[in-house]
2 protein chains.
Amino acid sequence: MNSDEVFDAISHPMRVEILKELANGPKGFADLKRKLKISSSGLLDFHLKKMASIVTTNADGSYILNDRGFAAVQAVDVVARYGWQRRSYFINVGMYIVMNVYLFLTIQHWAVLIVFGIWTAWIVFYSYWTFIKRRVRLRNNGESKTRPER
Amino acid sequence: MNSDEVFDAISHPMRVEILKELANGPKGFADLKRKLKISSSGLLDFHLKKMASIVTTNADGSYILNDRGFAAVQAVDVVARYGWQRRSYFINVGMYIVMNVYLFLTIQHWAVLIVFGIWTAWIVFYSYWTFIKRRVRLRNNGESKTRPER
DNA sequence: AAGCGTGGTCAATGTTTCTTGACTTGCTGG
DNA sequence: CCAGCAAGTCAAGAAACATTGACCACGCTT
């Protein structure tokens, strides 16, 4: 999926508003105009045209998001929600440790090894995903401050 | 986190390139210039200034991403990777079913109920997250086609 | 001390994007 | 049958963005 187009389509505050409106279901032209308090039809038309790569129309002519549109909704979400991934990682790993220790102590059965093995594989993959691919950091690195204005 | 600024900062192909470069570690000015094959210093300066909300400098003056910058990296990733979420959902649920049936048949022990209970809770939450919050769809809904050019 | 590399700034200009407001077309209720 | 609304289109101007190229200051090295 070519992301340039998608980010172009959501790089204006009004378009992000439109995206959020459409994430809640199909909306007609006048409907969007009212909800976003846009006085000019031309303006809404302009922005809808800029969003052509993520918005389509359904059978009755209402605007809806296509797959890339929903991807865009998620992108907005990810940006708004960044910081929680660290926490959910610790919850996940904590659960892994507690549950496996518990199972080992309570059940003496070889099948527990299967559960343990698969769960361990999952945690290894999840750690790789979190820290290597998604570059979530345990704490901030040598970041100092924003570039000084001169 | 105000997402408008973040999407503004990555709404140009060159800035996405810069983002990807910086995701691999700190880079100096001339370093970025070489890697991205930019001939003009002014151009790089312009784009780095547009990215001020997601890029900062570290102690030795190299450019690095801040937290919002890494969120942006993820946003790019999410857009590029949309479509895999459906698949990973099915893999996850499939694993849940196979493993629990297997455990029930192999181990006759009440502690299996604990595993089953927690795992079920997780699957319910995961389904909610996937379909309600992230709006991943099992198949396309009444989407017809892109808005016709007139 | 002259030249080179790093790490920029700034003004000017061309290109795009945004916004406004006037206009069109088709349908519907009174 | 015509007023009014939905759903737009389009031209023109203002504002923002992208790019170029000239310039500057510092440190190193030969």
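In this text, all values refer to a predicted model and were calculated from it rather than measured experimentally. Numbered from 1 within each chain, the chains take letters A, B, ... in sequence-line order.
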N or O in side chain of A/His47 less than 4.0 angstrom from C/dT19 OP1/OP2: yes

Distance in angstrom units between A/Asp45 CG and D/dA11 C1', rounded: 13 Å

Whole-Å distance separating the CD atom of B/Glu5 from the P atom of D/dA16: 16 Å

A/Lys33 versus A/Ser41, closest heavy-atom pair with distance: CE-OG, 3.2 Å

No-H, no-angle donor-acceptor pair, A/Ser41 side chain to D/dG8 base, under 3.5 Å: yes

Joint hydrophobic cluster, A/Trp129 plus B/Met95, side-chain heavy atoms closer than 4.5 Å: yes

Interatomic distance, B/Phe46 CZ vs C/dT13 C1' [rounded to whole Å]: 13 Å

Whole-Å distance separating the CD1 atom of A/Ile18 from the C1' atom of D/dG8: 14 Å

Distance, rounded to the nearest Å, where B/Lys33 contributes NZ and C/dG5 contributes P: 11 Å

Candidates D/dG8, C/dG8, D/dC17 - which lies nearest the side chain of B/Asp8: D/dC17

Pairwise distance CD1(B/Ile18) to CD1(B/Ile10) - rounded to 0.5 angstrom: 12.5 Å

Atom-to-atom span, CG of A/Asp4 to P of D/dA18 - whole angstrom: 12 Å

Minimum-distance nucleotide to B/Leu43 side chain [options: D/dA18, D/dG21, D/dA7]: D/dA18

Side chain B/Ser62, main chain B/Asn58, donor-acceptor under 3.5 Å: no

Nearest-nucleotide 5' precedence on DNA chain C, B/Gly28 against B/Gly42: B/Gly28

Separation of D/dA7 P from A/Ile38 CD1 (nearest whole Å): 14 Å

Closest to side chain of B/Phe29, choosing from C/dT19, C/dT6, C/dG8: C/dG8

Sugar-phosphate, base or nothing in reach of A/Lys50, heavy atoms under 4.0 Å: sugar-phosphate

OP1 or OP2 of D/dG8 under 4.0 Å from side-chain N/O of A/Lys49: no

Interatomic distance, B/Leu48 CG vs C/dG8 C1' [rounded to whole Å]: 10 Å

Contact under 4.0 Å: A/Tyr63 side-chain N or O vs D/dG8 OP1/OP2: yes

Residues B/Lys35 and B/Asp31 bridged, charged N to O under 4.0 Å: no

B/His12 side-chain N/O to C/dT16 phosphate OP1/OP2 under 4.0 Å: no

Toward the 5' end of DNA chain C, by each residue's nearest nucleotide, A/Leu44 or B/Ser62: B/Ser62

C/dG5 phosphate, OP1 or OP2, under 4.0 Å from B/Arg34 side-chain N/O: no

